Every structure is written in structure tokens, then in C-alpha cells.
2 protein chains.
Amino acid sequence: MVTKQIKDSPDDADLTRSDSLAREIFSEIANKWAFLIIESLGERTLRFSELRNKVEGISHKMLTQNLRMLERNGLVERKVHPTVPPRVEYTLTEAGRALRATVDGMCAWTQRYFGHIEASRHRFDA
Amino acid sequence: MVTKQIKDSPDDADLTRSDSLAREIFSEIANKWAFLIIESLGERTLRFSELRNKVEGISHKMLTQNLRMLERNGLVERKVHPTVPPRVEYTLTEAGRALRATVDGMCAWTQRYFGHIEASRHRFDA
DNA sequence: CCGAATCCACAACGATACTG
DNA sequence: CAGTATCGTTGTGGATTCGG
């Protein structure tokens with residue numbers, strides 16, 4: 001997908017259009033906070049403040065910003081309860097859960113190659 | 001992994017250490033250029049300039065910077081041919097190929113939910 | 001051809017303060 | 001509690017240049 005480049009089929013224009021759009025989507029979503037939020041959300045639905053605690057290190061601003069982005073792209077659903085104080089809950093959509101599966105893969109990968117990476121770093125830094 | 005937080009087993013310290021280190025690794029690698037490079041590399045080995053063409057939009061600087069990072073973490077191998085002009089080739093290591101599998105998953109995901117995302121964006125922007 | 005270093009514009013981010 | 005806006009700082013990334 002992202003790396004495809006030479007085509008000669010008649011529907012050239014459409015393919016390159018969807019291809020560049022795909023890359024744009026990819027670029028927007030492939031950032032660490034988005035992934036950490038998706039991971040944290042998991043199967044459950046969480047409030048803003050719960051997320052804030054769970055995704056440790058994230059600032060209020062980054063959290064809202066990324067949640068808006070994820071909502072816009074249809075990965076999370078935002079549910080506002082008009083109570084006082086307000087209560088806002090976030091849940092992964094089906095698309096979000098599908099993406100989470102691949103993010104889980106990355107997490108598993110990190111676990112698996114943990115030692116390899118540490119060793120490689122030491123070698124490199126010498 | 002990344003979202004785990006409460007533990008009470010005796011080896012607490014080790015777990016939280018490896019956990020935070022895992023998050024650090026995750027954060028370093030989860031950026032769009034790294035992913036696009038890994039995708040572009042695929043099974044083949046490519047020269048610097050070939051990568052530069054293939055990962056369209058990337059600058060000379062970002063490419064070297066990310067390649068160094070990936071090399072340091074043991075995801076790509078860098079092979080210098082001492083010819084003139086120099087010839088430098090990059091290849092995914094086994095760890096790199098394993099990660100590529102999950103990145104492929106993300107690409108497939110993008111293809112799959114392409115329409116869903118576009119639709120959601122339109123709804124949101126209105 | 002590849003890489004490192006410099007410079008600099010501008011985007012990202014954190015902190016803070018204010019609203020419903 | 002959740003969200004928006006503003007501001008000041010830091011950092012990111014492109015352009016360019018020089019060096020192997």
C-alpha cells in the first residue's frame with residue numbers, strides 16, 4: 001500500500017488518490033499518543049480523567065487533542081452525560097478495536113524483542 | 001504491557017522497570033517515518049538513495065536520522081561497501097521483519113477502514 | 001553517494017487560566 | 001469534570017553546506 005508506486009492500469013488516478021489518502025491517514029494515526037490511548041482504552045469505556053491517569057505522562061491538552069482526532073476518524077466514540085459535574089466517556093468503535101489488534105501486535109513485539117533491542121543499543125553506543 | 005499499572009508481586013521493581021523501558025522503546029519506534037521505512041524495506045535490501053525515492057516525502061535528514069535509530073535498536077542492518085562512490089545498503093533484521101508484520105497489519109487496516117474513516121471525517125467536520 | 005553539522009522557521013507541547 | 005484558549009518554551013524538521 002504505502003510503498004506502491006508504479007502502476008499502468010486504466011484506473012491509475014483513483015488508485016494513486018486513494019493511495020496518497022491512505023498514507024495521509026496512516027501518518028495521522030501513527031503517533032505514540034494515539035497508540036497508547038487505543039491500548040489503554042482496550043475493551044472498556046473510560047472517562048476522560050480515567051484515561052488521563054492510565055496513559056501516564058500525557059498532558060490534558062495532548063489527551064483532548066488526540067481524542068478529537070481519533071473521534072474524527074471514527075476510532076473512538078464520545079458519549080457525553082449531561083450531568084453535573086459532566087461525565088464524558090470514550091469507547092473504541094469497531095474500527096478502533098480492529099486497529100487495537102494490530103497495536104497489540106506491536107506491544108507483543110516489544111515484549112518479545114526487548115532483550116534484542118537492549119543488546120543492540122549497547123553495541124551501537126560503543 | 002504499556003497500560004499495565006497495578007502490581008503486587010514480589011518482583012515489582014523489575015516489572016515496572018521493564019515496563020517503562022518497553023514504553024520508551026514503543027514511543028521511539030511508533031512514528032510515521034520509521035513505519036514507512038520499514039514498509040518500504042520489505043524483504044529486500046535497498047540503498048540509501050533507493051529508500052529516499054521510495055519513502056516519498058521524506059527528507060535526507062529524516063531518513064538518516066530514522067535509519068540510525070532503527071539500526072541502533074537492531075531493526076535494520078547497515079552494510080557499507082567501501083567503493084567510490086560509496087554504496088550503503090539497508091536490510092531488515094529478523095526483529096525488523098517481525099515488526100514489519102504488524103505494520104503490514106496496520107496498512108491492511110487502513111485499506112479496510114478507508115471508507116469508514118472518510119465518512120466519519122465528513123460527519124465530524126459538519 | 002552518503003553522512004554530519006549548522007542554521008532557522010515553525011509546529012508541538014506544557015502550563016496556566018477561564019467557561020459551562 | 002471536561003473543554004477551550006492563550007502564551008512561552010522546546011523541539012522538530014527542512015535547506016544548505018561541507019567532508020569522506
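On a predicted model such as this, the values are computed, not experimentally measured, just so you know. Each chain gets a letter, A, B and so on, in the order the sequences are listed, and its residues count up from 1.
- At least one donor-acceptor pair closer than 3.5 Å links the side chain of Thr110(A) to the backbone N or O of Met106(A).
- Distance, Ile58(B) CD1 to dA15(D) P: 13 Å, rounded to whole Å.
- Within residues 67-84 of chain B, the residues that place at least one heavy atom under 4.0 Å from DNA chain C are, in residue-number order, Arg68(B), Arg78(B).
- Look at Arg47(A) and you'll find a side-chain N or O under 4.0 angstrom from OP1 or OP2 of dA2(D).
- In this structure, the side-chain hydrogen bond (donor to acceptor under 3.5 Å, both in side chains) partners of Arg87(B), at least two apart in sequence or on a different chain, are Glu89(B).
- Every residue meeting the salt bridge (charged side-chain N to carboxylate O under 4.0 Å, His left out) condition with Glu28(B), not counting sequence neighbours, appears here in chain and number order: Arg121(A).
- Contact annotation: Tyr90(A) side-chain N/O to dG3(D) OP1/OP2 distance is under 4.0 Å.
- dT12(D) atom C1' lies 7 Å from atom CE of Met62(B), rounded to whole Å.
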One character per nucleotide, please: for nucleotides 15-20 of chain C, 5' to 3', B when the base has a protein heavy atom closer than 4.0 Å, S when only the sugar-phosphate does, - otherwise. B----B
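- When distances are taken from the side chain of Phe48(A) to each of dC2(C), dA2(D), dG13(D), the shortest belongs to dA2(D).
- Arg68(B) is linked by a salt bridge (charged side-chain N to carboxylate O under 4.0 Å, His left out) to Glu71(B), counting only residues two or more places apart in sequence or in another chain.
- Distance CD (Glu28(A)) to C1' (dA12(C)): 15 Å, rounded to an integer number of Å.
- The distance from atom CD of Gln65(B) to atom C1' of dT6(C) is 14 Å, rounded to the nearest whole Å.
- Between the CG atom of Leu63(A) and the C1' atom of dG14(C) there is a distance of 14 Å, given to the nearest Å.
- At dC2(C), one or more side-chain N or O atoms of Ser49(B) fall inside 4.0 Å of OP1 or OP2 (strictly under the cut-off).
- At whole-Å resolution of the value, CG in Leu46(B) and P in dC1(C) are 16 Å apart.
- Here the C1' atom of nucleotide dC2(C) and the CZ atom of Arg87(B) are 13 Å apart, to the nearest Å.
- In this structure, Arg100(B) contributes its side chain and Ile38(B) its backbone to no donor-acceptor pair below 3.5 Å.
- For the pair Asn66(A) CG and dA2(D) C1', the interatomic distance rounds to 16 Å; values are reported in whole Å.
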Stepwise side-chain contact (heavy atoms from CB on, under 4.5 Å) check, Leu67(B) with Phe48(B): CA-CA 9 Å; Leu67(B) 282 172; Phe48(B) 182 87; 3.9 Å; yes
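- In this pair, Phe26(B) and Phe35(A) present their aromatic rings perpendicular. The plane angle is above 60°, beyond the 30 to 60° band.
- Remark: Gln65(B) engages no residue in a side-chain hydrogen bond (donor to acceptor under 3.5 Å, both in side chains) (not counting sequence neighbours).
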Chi angles and distances behind the side-chain contact (heavy atoms from CB on, under 4.5 Å) call for Arg23(A), Glu56(B): CA-CA 10 Å; Arg23(A) 190 179 294 116; Glu56(B) 80 181 66; 3.9 Å; yes
